[in-house]
Engineer: 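Sharing a structure below in structure tokens format, with a few things to ask.
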Amino acid sequence: MEGMYAFCVGLLTACGVFLTLRGRSFSVVVGLTLLSYAVNLFLFASGRLKLDAAAVLGQSKSIGDPLPQALVLTAIVIGFAMTAFAVILAMRARADLGNDHVDGQIPQPRHGINQKTGGAK
Amino acid sequence: MLIWTITIVAICICIALILNLWRLIQGPTISDRILALDTMYINTIALILLYGMYIGSGLYFEAALLIAMLGFVSTAALCKYLLRGDIIE
Amino acid sequence: MQHLSILPILIPLIVGAALLLPPLSKNIQRQRVAALFGLFSLMISAFYLLYQVQMEGVHLYALGDWQPPFGIVLVADPVSVLLVALTSFLAFAVMLYAVNGQDRGGAYFHPLFMFQVMGINGAFLTGDIFNLFVFFEVLLIASYALLVHGGGKQRTQATLHYVILNLVGSSLFLFGLGIIYGTLGTLNMADLAVKVSSLHAENATLAKTGALLLLVVFGLKAAMLPLHFWLPKTYASASAPVAALFAIMTKVGIYSIFRVYTVIFGDHAGELANIATPWLWPLALLTIVVGTIGILASPGLKTLIGNLVVLSSGTLLACAAINSEAATSAALYYLVHSTLASAGLFLLADMIARQRGQAEDRFVHSRPLMQPRLLAILFSVGALAMIGMPPLSGFIGKIMILQSTQSVAESLWLWPLVLLGSLAALITFSRGGTTLFWRHNGNVSTEGEAAKPLEITAVILLFLASPVMVIFGGDMTIYTQHAAHYLHDFQSSAYDLLPGIMQ
Amino acid sequence: MPLYLEIIVCVLLLIGGIFLLVGSYGLARLPDIYMRLHSPTKASTLGITGVLLASMILQSYLQDFVSIKELLITLFLLITAPVAANMIAKTAIHHGIKPLEKTRGKSLIEKMRHRNNPPE
Amino acid sequence: MRFFPMPFHSMMLFVVWLLLNNSISAGQIVLAAFFAITIPWLVKDMRDEHPKIRRPFLAIRYVLMVMKDIVVANVEVALLIIGPIKKLQPGFVAIPINLSSDLGITILASTVSLTPGTVSAEISKDKTWLYIHSLHLDDEQALIAEIKTRYEAPIKEIFGC
Amino acid sequence: MNSLLWLPFLPLLGTFVPLLTARYSRTACAFMTAVLPAVTLFLILSHASDIFSGKHFFASVPWVPAIGLELAFRLDGLSLLFSILILGIGLLVILYARYYLSAQDSMGKFYAYLILFMFAMLGVVLSDNLIQLWFFWELTSISSFLLISFWGHKSEARKGARMALTVTGAGGLALLAGLLLLGHTVGSYSLQTVLDSGDLIKASASYPIITVLILLGAFTKSAQFPFHFWLPNAMAAPTPVSAYLHSATMVKAGIFLMARFYPSLAGTDLWFLLVSLTGLATFLTGAYVALFQHDLKGLLANSTISHLGLITLLLGMGTDLAAVAAIFHVINHAIFKASLFMAAGIIDHESGSRDMRQLNGLWKYMPYTATLAMVAASSMAGVPLLNGFLSKEMFFTETLHQASLGSLSWMIPVLATLGGVFSVAYSMRFIHDVFFNGEPINLPKTPHEPPRYMRVPVEILVALCLMVGIFPTMIVGNLLYSAASAVLNGDVPHYSLAIWHGFTYPLLMSFIAMTGGLIIYTNRQHFFKFHAQFPTSDSKLVFERVMQTLASKAHKFISFTENGSLQRYIFFTLLLAIVMTTVPLLQLNTTAGQRPEIPVDALSITCVVLLCVAGVATVIWHRRRLIALLTLSVVGLIVSLAFAKFSAPDLALTQLSVEVVTVILLILALFFLPQKTPKESSPRRVVRDLGLAAFVGGTVGTICYALMTRPLDTISTFFTENSKTGGGGTNIVNVILVDFRGFDTLGEITVLGIAALGIYKLIARMRLFMPSSDDKGRPWSEDKYPLLLAVISQSLLPLALLVSAYIFLRGHNMPGGGFIAGLITSVAIIQQYIAHGVDWIKQRLKLDYQIMIGSGIGIATLSGLGSWLFSRPFLTSWFDYFYLPVIGKFELASAMMFDLGVFLTVVGATMLILANLGQLTTSERATQKEHE
Ligand code: NA
Ligand code: NA
């Protein structure tokens, strides 16, 4: 199970990173959200995985590590606040700058490259 | 017997979830995808309840309850977006 | 005063919350008075805390009465209280400037300012690494909000970059914390320091990845190369009081590096001893280089100051890499000096820009200033301090840093870079200053706005620190030496903070 | 656990599981969006009710007192499922998605789209 | 009425609270009562005027009937879904409705969605037509008639409109 | 002698005098300004006799021990000599400037700068501490910058000042490095210790670098070749400044430095090579270039360079007598050059020009001044009976005794004579071109004699030229001796200041210089023609070009690296992170640890499939934004399931509720952001990013796996054990959140509150683009508030609130708590917004969300402050069990207050964001319609 879990964390991280590296604010926000999922899962896993071990006294057979859970909770809330801010900021940037590129301007395709690919075709 | 039943039902739900995912990916229309997501919420509720039964714990009921409540809101918001664009107007 | 050490966090928090509530929330005059009063009392309590710590030693404040390493503790030690006092003083002066109208550029300036101060003070005081993350986020989110204060395209654009980069940084922070907790099983910094020494083999390797991830995070805050890109533009586009307050922001990263890589992963960390140094040293030097180039390239005063901040970050990081008491002492002195000087300059740049019409703070021909003499005097003071020329405080910091190099190799790298950085600053400041104050024609711009007495007071207050730090340089350096000694003394910076733990 | 209870629980569970599967199967299988709408709103709702009932009985037994809070989920789903279906149908209609060729009353879609009355 | 601006909801909340807590201890009853009073009081402004239930027993009967229909409908639909799709004859139907309250229309539409092979798709602007989609439409008029008599009529009676 | 501690500061005090007295008459201002320097001079002179008798004075107090900085002064022969020059000539310049400055010039400012400079110079020469010496050294650079740029509105003044500052500043930095190394080598920054440790220093490995660095400081300051170019450009300064700084004092600071460290550094081959060759080169270049200057001050500046070279050459020779000669020439040069500058200033002042091609035959107009200038110029040329002759004679003598260049040593006297030839030539030119040589051409003013008192300083100095020239021993004998003794740090060799030494080689050299000079001057036309063949290189232009190239190169570099592309910045950030983590990771031998793994089951596999497909789909479809949002929801859902599965119900609940609010926010963003994402990443970029993403993901996954498969001891058992007894709750996670680590939570809700405030700021005055149709161009539906949704939402609200209350109250003991409850409440209210719109809610729900945030944070804080009443730290929790009839046992805890604060903040923050965003768009739509 741990292997699958780790694979998922890695995959989510990779997806998040890839999207964060895109040029449009929406993609970036989605990427950051994916990344924060991965982060939360990772942080949670630092307390090791346990089945049927909810950290509630008298409710389960054993008790998992409650501390990472509390940390993840804090991280989720903070992540939510940050994502919310980023989303609205993306809107604001779009409103102020007229486009949704993270750099505030749509990059002009470089002529040299165009010519090159054009030549190749 | 119970464990076996739970396993069988769990497999049913797993298949159901995969089918939902298939529809979500397949589309073809956005409405289909929303519908698939909505169904997925319902199947998840069942899954959580089943898990609670499996380990004999009532701790997960609230999670199921929340999915029931919140899944609807998100479906409604998505549809409102498709209809009006602005969901809070 | 049992609760003295938490006041630097609570005062801004309570005042910030109160500013959102009636009767303060609707009236800007009341908000100003409340904010100034709050920051003034913060300043008093911070300096009193400094005094207390100096007299009685380290204050350990166990929140919720849960003893370390289980609960969160605040550690008011010579290092953290120095920075808290610095922050409080800076915040008061900056607010003094802001209440003259700069606080009007959007809603919630005062509460956000308070929360920002709270976050910074919290980051300095906390002795718990996850709590450090929380306070990082507090100060970051407040800085995001403050950054857009005043509106405008450039600001939005710079904020977007700043926010997204820092969100990536926060993710890395959490990854790092996950690894740290996953290998050491604790969060209290002193406890981490104790536990890390007994880590072996593979766990040590894993912990190393976490520790280095944290270095990236702190490096991002501290504008370490290649994570510095955001800084010049962000600072240059922020409104003046915000930029001035931001002068302390990079220092939070620097401080964290000192704390984490001296106390936790310092000499006593077994397999993880001094892991940051091999990375820190080249990156710090490159940061200095890039800062220097940036200084030479600066087209305007605000960008120049931004690049000076990069330069000083590089210098401070180099001190962290040298990893000795002398270097830490030098860094502490230099940190205080550069924070106040750059903050004052940011405010000054704003006053200058407001009087030069369209030319703003750019080094181009323009209309004459309305208050040329006053601003020129202030400018020279700020410039001299920043360049590190006598008679202002920069030179002491610079000399301390140069003297702290331990080997010939270190000196051969650091000395030329630090000195060339100063030279670049000298060149650009003299170019900029002569242009700003002397290259003009026509009449004074009619749209210009003369600096108000309180604004000038604020700048003078910030700059005054510089000569004071020279005149009382002896006492000041004795303090920084003491603080550095504390930080490097494992007994006091780790074991003494864990009253319940057997050594 | 008494056998009769176990049997009841198992039957309820199986019913629930099958209906859930059928609902999702329909969702995947049926040819147009309007037809697909039926399966989750009905089959899945019933399926979940089965599982909920089973859970209710089992948890009541396990925890030694009558646990009927699962009913609340059923209540929620019964209230919301039709609205969700309605909203999704509205989007499909609004987007003018063509139903299956053989669908009767296709012409009504245009009317529905503008929420007009049907042609007399 | 000052204490119970929404008596039906108050009752429901009272019950649901006890349901949620799986307890009828004195403390929970006090809390249930507390919420049964305060929550309606909090949200009373957040409501449009809705007609009152005139005939509660009929309402209960209606609920039971619908529940039975749901089960039946589901079995039917399940069979339809599993069965050959080619035999299905879907169709849209417009049903004239004569309910003056939004609540009534909503209940009718919901009921239709939950019961035999039909989903409420749209309601006309003037709220006189309910458009439904039927999974397997044999006889359009029969369907209209069934819905009107089986569901619309009792709703009309329950709310008296 | 304690007065030495405050004595140097008298001039500093004096800087304020002119500023305060500028409002009175100019004479009064000048007089008052002169008082403090005069007093200082008097006080210093009062010690002269003691110093002449071999006494030295020291005074010091600690200042910044950490850097070895002391407030330490010494008064020995060398300091005395320079102090007299600084203060004496300074006083004359004050008097001179009184007449020189025009009415427009701010006299107070000028004097203030001048006195500041005087203070700095005095500090340099009196310093007994290396760091302090450097301190004052830099002050001279700064004050000279201020003086050169006194006429800042003139471009040359700005450029000249900047050039001087840059060059001397750079030298200053080198000097600092040198001094620090020196102090480090000696182990003390006390000058006396350093002077006494000559052997130690010369033996140390860092001696060469120390010498080079210190000499760099000296050479730049004293305008030695190749750093000499700044000095002619500093002539943009008012002439009193040139007379003071650029002849008598500041440029001598470099000389002073070499003299000061003579005992420590001189006497080695390295010293000889560096110093004497530099001096020689400077001596010749300056002399040669001076001849071809048309600007009077340019000529003087270059002659200054030349004479400074001469002194440097002498100091470099390393013999004791050469050092004496150097000191003697310092005195003489100061005297005659200051007077020459002043004379040039008078000429400029009274004729309006400094161009020697215009200035001709001034003898007729100002005979008295001309006489004075001619005497001074003769002294410069080394005419007998004048002081310049004496030191030049000594110089020639010393060049003859030089053997350090081996077989090439003969070149030194020859080249020295050549320099002398040019000195004579340019001195001739100064005299002949200006005062004779026909009639003036196109002068702006008709020249005449200056005001009476403007001449006085020149008269005094010229008188000194004569007196020193005729009675050297009487006038400067003691001074020279004691200064030389200070330079040599001990015994002074025998020397003679006699005017006549008989027919000697030096006399011959002087004679050659005289005749050669005359010949060159008379044949100057040929030389001018010869010189004109070379392209003139204006050092100012060159310097400016270098500076500009530097700036533009820097700018190019910066705009290349900081190109404003966020993608690049993130790329670098992640790249650094990944490099830093993988390097240690390579040492990890086995990924899997010892901890037994949980077996895999079908359910988990299904969930993993769902998660992975949805995650990848999000990436693939990120340009189809709504679909990406749907797949993102799936990921969120599965993540919450994972939390539930692995025993974290609280996390599952939180993740679920946060998820919904996030999705709603993203839907809002979808509407306001462009609907289409163009495909703009090049394939190369995509591959690069995919590579990095895979690398990062792989690393994270590896670490995650490695962590999970290893056992861990944590502090968590403490929480498990104390949750009920110490925190009063059975839900350990919640007890951690509100009690053990309540401080984190306080910070966390503050973050949320701040985010809401920040978002409010962002929303304010935001001008939004609102598409009138969706991404396929379909107009929006007219059904604003669907009937079913509206009615059902109303019914759900009380239920949702009840659930929220339930979740809130049970939180301490079971999964739940204030945060989740707050989100449920928020979502319930948001649903009302979706179903009914802003206006509908506005009339019905009178909640001030800002106040909610404030009071939420306030309540949480206050609940923590409550413990202060019991003298416990902030956030110390309190709980107890109570019994009431009927109700029975129940628990009350301060944590509930805290949780209430959390709840309020969450609701306030979420609603402040969403409601305001909704409100904004609604009002915008209304106005848009109005426009239509
Ligand atoms: Na809206
Ligand atoms: Na909780």
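Numbered from 1 within each chain, the chains take letters A, B, ... in sequence-line order. Note that the coordinates shown come from a computational prediction; the quantities given were computed from them, not determined experimentally. Hydrogens, waters and symmetry mates are skipped; everything else that's a heavy atom, side chains included, is used.
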Engineer: Most heavy-atom pairs under 4.5 angstrom with chain B, which of L58(D), V22(D), L27(D)?
Structural biologist: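 If we count pairs closer than 4.5 Å to chain B, L27(D) comes out on top.
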Engineer: Count the heavy-atom pairs under 4.5 Å between each of I45(B), I15(B), D38(B), I34(B) and chain D, then report the option with the highest count.
Structural biologist: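 Top count of heavy-atom pairs under 4.5 Å with chain D: I45(B).
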Engineer: Which one wins on heavy-atom pair count under 4.5 Å against chain D: I6(B), T29(B), I30(B), L50(B)?
Structural biologist: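 If we count pairs closer than 4.5 Å to chain D, T29(B) comes out on top.
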Engineer: Any chance the side chains of S24(D) and N20(B) put a donor and an acceptor closer than 3.5 Å?
Structural biologist: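 Per modelled atom types, S24(D) and N20(B) side chains form a pair under 3.5 Å.
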Engineer: Quick one: what part of I13(B) sits under 4.5 Å from any heavy atom of chain D, side chain, backbone, both or neither?
Structural biologist: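 Answer is side chain: those atoms of I13(B) sit under 4.5 Å from chain D.
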Engineer: Using heavy-atom distances under 4.5 Å, tell me whether L83(B) contacts chain D through its side chain, its backbone, both, or neither.
Structural biologist: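 Answer is both: backbone and side chain atoms of L83(B) are under 4.5 Å from chain D.
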Engineer: Is A85(D) in contact with chain B via its backbone, its side chain, both, or neither, using a 4.5 Å heavy-atom distance?
Structural biologist: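 A85(D) has no heavy atom closer than 4.5 Å to chain B.
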Engineer: Does any backbone or side-chain atom of L77(D) lie under 4.5 Å from a heavy atom of chain B? Answer side chain, backbone, both or neither.
Structural biologist: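 Contact with chain B: side chain only.
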Engineer: What I'd like to find out is whether the side chain of K111(D) reaches to under 4.5 Å of the side chain of N117(D), using heavy atoms alone.
Structural biologist: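 Counting from C-beta outward, K111(D) and N117(D) never come under 4.5 Å.
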Engineer: Just give me the residue among D32(B), T39(B), L19(B), I67(B) that pairs up with chain D most often, heavy atom to heavy atom, under 4.5 Å.
Structural biologist: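 Of the candidates given, the most pairs with chain D belong to D32(B).
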Engineer: For the candidates G16(D), S39(D), G23(D), S55(D), which exhibits the highest count of non-hydrogen atom pairs separated by less than 4.5 Å from chain B?
Structural biologist: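 With the most close heavy-atom pairs to chain B, the winner is S55(D).
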Engineer: T74(D) side chain to E70(D) main-chain N or O, any donor-acceptor pair under 3.5 Å?
Structural biologist: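 It does hold such a pair.
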Engineer: Ignoring hydrogens and angles, tell me if any N or O in the side chain of R23(B) forms a donor-acceptor pair with the backbone of A28(D) under 3.5 Å.
Structural biologist: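 Confirmed, R23(B) side chain pairs with A28(D) backbone.
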Engineer: Measure L30(D) against the heavy atoms of chain B and call it side chain, backbone, both or neither at under 4.5 Å.
Structural biologist: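 Contact with chain B: backbone only.
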Engineer: Restricting to non-hydrogen atoms, name the atom on I109(D) and the atom on I97(D) that form the minimum distance, rounded to 0.1 Å.
Structural biologist: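 Heavy-atom minimum between the residues: CD1-O, 4.0 Å.
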Engineer: Using a 4.5 angstrom heavy-atom cutoff, name the option from L20(D), L62(D), I7(D) with the most pairs to chain B.
Structural biologist: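 Looking at each option in turn, the highest pair count goes to L20(D).
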Engineer: Quick check: F72(B) with F76(D) (ring centres under 6.0 Å apart)?
Structural biologist: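 Ring centres of F72(B) and F76(D) not closer than 6.0 Å.
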Engineer: Quick one: do Y54(B) and T7(B) satisfy side-chain hydrogen bond (donor to acceptor under 3.5 Å, both in side chains)? Show the steps, please.
Structural biologist: CA-CA 9 Å; Y54(B) 179 74; T7(B) 313; over 6 Å; no
Engineer: Answer with side chain, backbone, both or neither: which region of I18(B) has an atom nearer than 4.5 Å to a non-hydrogen atom of chain D?
Structural biologist: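 Contact with chain D is absent: no heavy atom of I18(B) under 4.5 Å.
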Engineer: Given the options N43(B), I11(B), T75(B), which has more heavy-atom pairs under 4.5 Å with chain D than any of the others?
Structural biologist: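 If we count pairs closer than 4.5 Å to chain D, N43(B) comes out on top.
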Engineer: Distance from I8(D) atom CD1 to L3(D) atom CG, nearest 0.5 Å?
Structural biologist: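 CG of L3(D) is found 10.0 Å from CD1 of I8(D).
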Engineer: Backbone N or O of E101(D) within a donor-acceptor pair of the K106(D) side chain at under 3.5 Å?
Structural biologist: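 Answer holds: yes.
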Engineer: Which atoms of E6(D) come close to chain B, meaning under 4.5 Å heavy atom to heavy atom: side chain ones, backbone ones, both, or neither?
Structural biologist: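 Both backbone and side chain.
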Engineer: Quick one: do the Y81(B) and T91(D) side chains pair a donor with an acceptor below 3.5 Å?
Structural biologist: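 Looking only at side-chain atoms, T91(D) and Y81(B) do not form any donor-acceptor pair under 3.5 Å.
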Engineer: Just so I understand: if I count every heavy-atom pair under 4.5 Å between each of I48(D), V51(D), L14(D) and chain B, which residue has the most?
Structural biologist: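 Highest number of heavy-atom pairs under 4.5 Å: I48(D).
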